[in-house]
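Beneath this line is the structure, given in structure tokens, with notes to follow.
First listed ligand is number 1; within each ligand, the first listed atom is number 1.
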Amino acid sequence: MLNLVVLVSGSGSNLQALMDACNQGMNARIVLVISDKGDAYGLERARQAGIATEVIPAADYDSRESFDQALQQRIDAAQAELVLLAGFMRILSAGFVNHYAGRLLNIHPSLLPKFRGLHTHQRALEAGEMEHGASVHFVTLELDGGPLIAQAKVAVQKDDDADTLAARVLQREHQLYPTVVRWFSEGRLCLRDEQVILDSKTLSEPVQLAE
Ligand code: GRF
């Protein structure tokens with residue numbers, strides 16, 4: 001069983017999709033859910049499932065590094081083998097990112113490298129994109145810039161606004177993240193020399209998840 005730690009700041013719907021996948025036979029278990037926000041609904045989802053939770057309020061720490069050290073201590077104490085950012089709204093320091101090199105994943109609501117950062121749905125609409133989606137990548141020092149593993153696309157509809165588009169992307173995220181974590185749990189996925197290896201082959205572009 002692969003030990004997962006999931007970091008959330010908000011609703012935790014991706015956390016829910018991961019919990020569901022673990023309950024449906026994935027060879028992994030979520031040992032701890034951590035949030036920087038005490039009122040994150042993701043914490044409630046974890047509690048309801050009997051999963052341990054921790055809140056680490058950023059206000060308790062005087063620097064990014066000291067917050068990240070506290071975070072790292074909790075994660076390592078839980079013996080995490082894979083750390084999943086699932087709507088965790090903080091930039092992580094270099095020491096933290098390097099410590100988890102090859103075992104830290106993020107899900108981002110755009111077809112990276114397009115639209116790093118925030119407000120991705122609105123920006124995709126303003127750019128007149130015909131398709132949009134989500135990406136899962138290994139986390140490196142470049143924000144939303146780590147090696148891409150897989151993407152799920154959605155077609156942009158004429159009458160979409162940022163909310164309708166976000167909702168459709170989120171549905172695809174709930175398929176995408178567990179799929180990638182499953183590959184990792186099966187030993188099929190790793191990062192080597194900043195390259196993504198899946199099934200012993202170097203990926204030259206991200207896997208596109210079928211509808
Ligand atoms: C998702 O859109 C994810 O891609 C982004 O933050 C959002 C988190 O949603 N990083 P939820 O908390 O999993 O519902």
Side-chain angles (χ1 to χ4, degrees), residues 4-23 26 28 30 32-49 51 53-58 71 82-92 96-97 100 104-125 129 131-156 160-182 184 206-209:
L4 309 174
V5 169
V6 185
L7 309 189
V8 300
S9 299
S11 145
S13 69
N14 278 288
L15 165 67
Q16 186 68 56
L18 292 161
M19 294 188 320
D20 293 346
C22 289
N23 288 334
M26 182 157 71
I30 300 171
L32 179 62
V33 172
I34 304 177
S35 181
D36 57 326
K37 302 258 186 286
D39 60 355
Y41 186 62
L43 291 168
E44 186 54 34
R45 294 179 193 268
R47 284 185 206 115
Q48 280 174 16
I51 295 170
T53 60
E54 290 255 13
V55 179
I56 308 180
L71 189 59
L82 182 64
V83 181
L84 301 170
L85 307 180
F88 188 62
M89 300 303 286
R90 286 185 58 87
I91 293 174
L92 295 160
F96 184 94
V97 169
Y100 296 106
L104 179 60
L105 302 183
N106 182 41
I107 187 159
H108 181 78
S110 79
L111 298 175
L112 291 169
K114 288 183 176 172
F115 311 118
R116 294 178 183 184
L118 298 175
H119 311 301
T120 57
H121 309 297
Q122 187 60 39
R123 286 160 62 206
L125 289 172
E129 297 289 334
E131 55 181 18
H132 182 48
S135 308
V136 173
H137 63 93
F138 282 103
V139 175
T140 57
L141 293 179
E142 203 179 336
L143 185 67
D144 298 328
L148 291 169
I149 302 164
Q151 296 182 322
K153 289 181 177 160
V154 303
V156 177
D160 265 329
D161 59 26
D163 291 339
T164 58
L165 189 53
R168 287 211 311 291
V169 170
L170 202 53
Q171 280 185 356
R172 298 286 280 143
E173 292 185 34
H174 300 159
Q175 303 162 338
L176 180 65
Y177 217 176
T179 299
V180 171
V181 173
R182 188 180 290 274
F184 195 97
V207 175
Q208 297 297 329
L209 199 75

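No side-chain donor from either of Arg168 and Gln171 sits under 3.5 Å from a side-chain acceptor of the other. Between the side chains of His174 and Ser13, at least one donor N or O sits under 3.5 Å from an acceptor N or O.
Not a single heavy atom of Val8 sits less than 4.0 Å from an atom of ligand 1.
Residue-to-ligand polar distances place Glu173 within reach of ligand 1: an N/O pair is separated by less than 3.5 Å. Taking distance alone, with nitrogen or oxygen atoms compared against 3.5 Å, Ile107 approaches ligand 1 more closely than that limit.
Here His121 and His132 bring their ring centres to under 6.0 angstrom of each other.
In this comparison of Gly87, Ser9, Gly12, Gly10, the heavy atom closest to atom 12 (O) of ligand 1 sits on Gly12.
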Take Gln48 and Arg45, measure what side-chain hydrogen bond (donor to acceptor under 3.5 Å, both in side chains) needs, and give me the verdict at the end. CA-CA 5 Å; Gln48 280 174 16; Arg45 294 179 193 268; over 6 Å; no
Run the side-chain contact (heavy atoms from CB on, under 4.5 Å) check on Val180 and Ile107 step by step: do they pass? CA-CA 10 Å; Val180 171; Ile107 187 159; over 6 Å; no
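Annotation: atom 9 (O) of ligand 1 to nearest protein heavy atom, Asn14 ND2, 3.9 Å. Among all non-hydrogen protein atoms, the one lying nearest atom 14 (O) of ligand 1 is Ser13 OG, 2.5 Å.
Formation of a donor-acceptor pair under 3.5 Å by the Ser11 side chain with backbone atoms of Tyr41 is not found in this model.
Set against the non-hydrogen atoms of Pro109, the atoms of ligand 1 under 4.0 Å away are 2 (O), 4 (O), 5 (C).
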